[in-house]
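Since the structure comes first, as structure tokens, the remarks are kept for the end.
Because the structure is predicted, anything quoted here is derived from the model rather than measured.
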Amino acid sequence: MKIKLEELAAAMAQSDVRQSYVDIAKGKVMVVADDMDEEQALEHVFTIEEDWEHYIPVPNVIDEDLRGFMQGFAASREREDVRERLQDALQGSGAVTRFNHQVRHLLLKPVWEKYLQAQLIETARDWCEENALEYEE
């Protein structure tokens, strides 16, 4: 079974707040839901533990790579003043909040979201290749 890159990218986009797994036997991405009650959560854990060789945890891409994605986006802006404002926002603590504020202020939110989605798809593709998993666009 082939893993759908869009599903994997969507799981990666939530990877800082939700754990996800790829069921390599079925080619499915499983996202642990926040609203699971204790019984559902235990059932989920037992399912993975019983058949652990068929599940690969999805990495926390947001905590690991988000700043790099933001830096890439800032560097890709053609206008120097926009590029500098975004790069300045990424300095020091609170960078993510400042960057998002600048993106909204500069009316770049749709462009940023498209860029981020493309980066997540590329990351998902690379991750599948590193793990020798078949995928589809």
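One finds the CE atom of Met12 at 9.0 Å from the CG atom of Leu5 (value rounded to the nearest 0.5 Å). Distance check: Asn60 CG to Ser20 OG gives 10.0 Å after rounding to the nearest 0.5 Å. Distance check, rounded to the nearest 0.5 Å: CD1 of Ile3 to CG of Leu133 gives 4.0 Å. Atom-to-atom distance recorded for Leu90:CG and Gln102:CD is 10.0 Å, nearest 0.5 angstrom. In this structure, CD in Glu122 is found 15.0 Å from CH2 in Trp127, a value given to the nearest 0.5 Å. Atom CG in Asp65 sits 12.0 Å away from atom CE in Met70 (nearest 0.5 Å).
Gln91 places a side-chain N or O within 3.5 Å of a backbone atom of Gln87 that can act as its donor or acceptor partner.
In this view, Glu134 satisfies the salt bridge (Lys or Arg N to Asp or Glu O under 4.0 Å) rule with no residue, not counting sequence neighbours. Applying the salt bridge (Lys or Arg N to Asp or Glu O under 4.0 Å) criterion to Glu64, with sequence neighbours excluded, gives no partner residue. For Gln119, the side-chain hydrogen bond (donor to acceptor under 3.5 Å, both in side chains) test picks out no residue, with sequence neighbours left out. Applying the side chain to side chain contact (heavy atoms under 4.5 Å, CB included) rule to Val82 yields the partners Arg77, Arg79, Leu86, Leu106, Leu108; only residues at least two apart in sequence or on another chain are considered. Shown here are the side chain to side chain contact (heavy atoms under 4.5 Å, CB included) partners of Glu129, two or more places apart in sequence or in another chain: Arg125, Asp126, Tyr135. Contacts of Glu80 classified as side chain to side chain contact (heavy atoms under 4.5 Å, CB included), with partners at least two apart in sequence or in another chain: Arg83, Glu84. Applying the side chain to side chain contact (heavy atoms under 4.5 Å, CB included) rule to Ala13 yields the partners Leu120; only residues at least two apart in sequence or on another chain are considered. Under the rule for a salt bridge (Lys or Arg N to Asp or Glu O under 4.0 Å), the partners of Lys109 that lie at least two apart in sequence or sit in another chain are Glu113.
The hydrophobic cluster around Leu107 extends to none of the other residues, as no ILVMFWY side-chain heavy atom falls under 4.5 Å of it.
Note on Val96 and Ile62: same hydrophobic cluster, where clusters join Ile, Leu, Val, Met, Phe, Trp and Tyr whose side-chain heavy atoms are under 4.5 Å apart, directly or indirectly. Clustering ILVMFWY residues whenever any of their side-chain heavy atoms sit less than 4.5 angstrom apart, transitively, puts Phe99 in the very cluster that holds Val111.
Counting heavy atoms from C-beta on, the side chains of Asp23 and Val29 never come closer than 4.5 Å. Side-chain contact between Glu6 and Ile121 is present, with at least one heavy-atom pair separated by less than 4.5 Å.
For the residue pair Ala25 and Met1, the shortest heavy atom distance occurs at O-CG, 3.7 Å. Scanning all heavy atoms of the two residues, the minimum distance from Glu136 to Lys2 falls at OE1-CB, 3.8 Å.
Evaluation of the ring-ring contact (aromatic ring centres under 6.0 Å, His included) test over residues 67-96, restricted to residues two or more places apart or in two chains, returns Phe73-Trp112, Phe73-Tyr115. For residues 85-100, no residue pair satisfies the salt bridge (charged side-chain N to carboxylate O under 4.0 Å, His left out) rule, not counting sequence neighbours.
The number of heavy-atom neighbours closer than 6.0 Å to CD of Gln14, taken from other residues, nucleotides and ligands shown, is above 12.
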